[in-house]
Amino acid sequence: MRIVSICPSNTEIVAYLGQTDMLVGVDNYSDYPVQVKQLPKLGPDLSIDMEKVANLKPDLVLASLSVPGMEKNIEGLKETGLPYIILNANHLYEIADDIRKIAEAIGIEEEGNKKADEFLKEIEGFRKKAQRIDHKPSLYWEWWPKPIFTPGKSNWLTEISELAGASNIFESEAEASVQTDWDDVRKRNPDHICMVWVGVKEEKMNPDLLKKRPGWMEMEAVKNNRIHVLEESLFCRPSPRLLDGLKKLESVLKKGRQA
């Protein structure tokens with residue numbers, strides 16, 4: 001089967017299922033596993049070249065609505081008449097559903113159920129560990145700096161926070177993605193700041209910029225030097241790799257408790 005993935009998280013689910021060899025083209029941001037870097041690139045995930053997609057003659061296109069603006073890709077796929085499925089997970093259990101959905105679509109339903117169950121079992125392992133943690137620090141996740149966007153209650157990063165034995169300061173907001181401002185974050189006064197700017201490599205993120213925001217030098221996270229620049233690829237994509245990000249977050253928080 002010839003598969004095209006036009007979103008990094010979809011590409012990573014195909015890899016999790018052990019079917020990377022089925023991929024014949026991917027979006028520009030798909031960078032995991034390393035093999036996909038050699039595949040034809042079809043444009044940024046918000047601006048896919050549908051002519052290039054059609055020229056690859058895929059049996060299935062894996063689309064997504066995980067980022068606002070991807071709706072345009074769906075319209076383009078409808079116009080091409082190519083077969084496609086749409087994924088749009090906000091929660092970890094929905095990622096398990098997506099694993100099953102892709103597996104069924106590519107004819108490996110039994111393997112998909114097995115891998116989805118493994119994913120859920122690993123989550124439960126983290127949950128049990130988190131329940132044994134007494135002090136649960138508060139986290140502020142920064143998806144974008146100006147205007148500020150941060151995950152709310154209906155988002156996997158709130159779950160990831162809980163599974164690491166912490167809490168998201170914006171879990172009180174119902175949305176998956178919350179637009180707010182610097183003063184709101186300052187008032188919520190998190191113990192840790194996690195910088196995961198979407199689409200920006202960690203070496204291009206400067207934590208010193210946060211210290212220049214009005215009043216932020218008085219925040220607990222800044223006073224205690226707990227600003228963490230993290231790989232957005234491990235925290236901003238709804239794929240099984242979020243569990244790799246979770247392991248990293250556990251390590252970061254463990255060091256914070258020991259400091």
Side-chain angles (χ1 to χ4, degrees), residues 1-116 118-119 156 176-177 198-201 231-245:
M1 177 175 273
R2 297 172 61 81
I3 303 173
V4 163
S5 168
I6 56 175
C7 180
S9 53
N10 297 351
T11 305
E12 291 168 10
I13 291 175
V14 173
Y16 186 71
L17 288 165
Q19 304 300 324
T20 305
D21 290 346
M22 287 190 182
L23 291 166
V24 295
V26 295
D27 66 281
N28 288 7
Y29 297 134
S30 284
D31 55 8
Y32 181 90
V34 67
Q35 301 98 293
V36 305
K37 294 183 178 181
Q38 310 304 319
L39 293 173
K41 295 295 187 287
L42 305 169
D45 55 5
L46 293 180
S47 186
I48 297 295
D49 187 328
M50 288 302 163
E51 185 176 350
K52 285 184 178 180
V53 174
N55 288 341
L56 290 172
K57 296 179 168 51
D59 299 303
L60 180 67
V61 180
L62 302 178
S64 175
L65 291 173
S66 64
V67 176
M70 287 181 169
E71 297 83 1
K72 187 172 72 169
N73 293 333
I74 309 303
E75 293 304 313
L77 285 169
K78 288 177 181 176
E79 291 174 9
T80 65
L82 293 169
Y84 65 91
I85 57 176
I86 304 169
L87 306 180
N88 187 22
N90 282 317
H91 298 280
L92 295 176
Y93 72 86
E94 291 175 334
I95 295 172
D97 292 342
D98 287 347
I99 294 168
R100 299 184 206 275
K101 187 174 183 177
I102 290 179
E104 182 179 2
I106 64 177
I108 57 165
E109 187 172 358
E110 184 177 344
E111 178 65 14
N113 286 332
K114 178 182 174 184
K115 295 295 288 184
E118 286 178 6
F119 177 69
W156 59 81
S177 180
V198 177
V200 180
K201 295 293 185 183
E231 300 98 316
E232 64 93 26
S233 61
L234 294 182
F235 294 95
C236 298
R237 302 174 181 177
S239 90
R241 290 186 76 208
L242 284 171
L243 298 189
D244 293 330

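Between Ile95 and Pro238 the shortest heavy-atom distance is CD1-C, 3.6 Å. Across all their heavy atoms, Leu77 and Ala63 have their closest contact at CD1-CB, 3.8 Å. Here the shortest heavy-atom pairing between Glu12 and Ser239 reads OE1-OG, 2.6 Å. Here the shortest heavy-atom pairing between Pro240 and Ile13 reads CD-CG1, 3.7 Å. Of all heavy-atom pairs spanning Ser9 and Arg237, the tightest one is CB-CB, 4.1 Å. Between Ser5 and Leu23, the shortest heavy-atom distance links the atoms CB-CD2, 4.0 Å.
One finds the CD atom of Glu111 at 11.0 Å from the CD1 atom of Ile99 (value rounded to the nearest 0.5 Å). Here CD1 of Ile6 is found 4.5 Å from CE of Met50. Values are rounded to the nearest 0.5 Å. Interatomic distance, CG of Leu87 versus CD1 of Ile102, reported as 4.5 Å (0.5 Å rounding). With rounding to the nearest 0.5 angstrom, the CD1 atom of Ile85 is 5.0 Å from the CG atom of Leu60. The CD1 atom of Ile3 sits 6.0 Å away from the CG atom of Leu62 when rounded to the nearest 0.5 Å. With values rounded to the nearest 0.5 angstrom, Asn73 atom CG is found 9.0 Å from Cys7 atom SG.
In Lys41, the NZ atom is crowded: over 12 heavy atoms of neighbouring residues, nucleotides or ligands sit closer than 6.0 Å.
A salt bridge links Lys201 to Asp31: at least one charged side-chain nitrogen sits closer than 4.0 Å to a carboxylate oxygen. Between Glu75 and Lys72 no salt bridge is recorded (no basic side-chain N to carboxylate O distance below 4.0 Å).
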### Query
Could you go step by step and tell me if Glu51 and Asn55 meet the side-chain contact (heavy atoms from CB on, under 4.5 Å) rule?
CA-CA 6 Å; Glu51 185 176 350; Asn55 288 341; 4.0 Å; yes
### Task
Carefully, step by step, assess Lys78 and Tyr84 under the rule side-chain contact (heavy atoms from CB on, under 4.5 Å).
CA-CA 9 Å; Lys78 288 177 181 176; Tyr84 65 91; 3.3 Å; yes
### Task
Could you give me the CA-CA distance, side-chain angles and deciding distance for Tyr29 and Thr11, then say whether side-chain contact (heavy atoms from CB on, under 4.5 Å) is met?
CA-CA 10 Å; Tyr29 297 134; Thr11 305; over 6 Å; no
### Task
List the steps and the verdict of side-chain contact (heavy atoms from CB on, under 4.5 Å) for Val53 and Thr80.
CA-CA 9 Å; Val53 174; Thr80 65; over 6 Å; no
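At least one donor-acceptor pair closer than 3.5 Å links the side chain of Glu71 to the backbone N or O of Gly69. A donor-acceptor pair under 3.5 Å is formed between the side chain of Trp156 and the backbone N or O of Phe235. A donor-acceptor distance shorter than 3.5 angstrom exists from the side chain of Asp59 to the backbone of Arg2, with no hydrogens or angles considered.
At least one side-chain heavy atom of Leu42 sits less than 4.5 Å from a side-chain heavy atom of Leu56. Looking at heavy atoms from C-beta onward, Leu39 lies out of side-chain contact with Val24 at the 4.5 angstrom threshold. Asp45 has its side chain within reach of Met70: a pair of non-hydrogen atoms, C-beta onward, lies under 4.5 Å apart. Side-chain contact between Thr20 and Pro33 is present, with heavy atoms from C-beta onward closer than 4.5 Å.
For Glu110, the salt bridge (charged side-chain N to carboxylate O under 4.0 Å, His left out) criterion is met by no residue, not counting sequence neighbours.
Exactly one residue among Pro44, Pro8, Ser47 makes a side chain to side chain contact (heavy atoms under 4.5 Å, CB included) with Asp27. That residue is Pro8.
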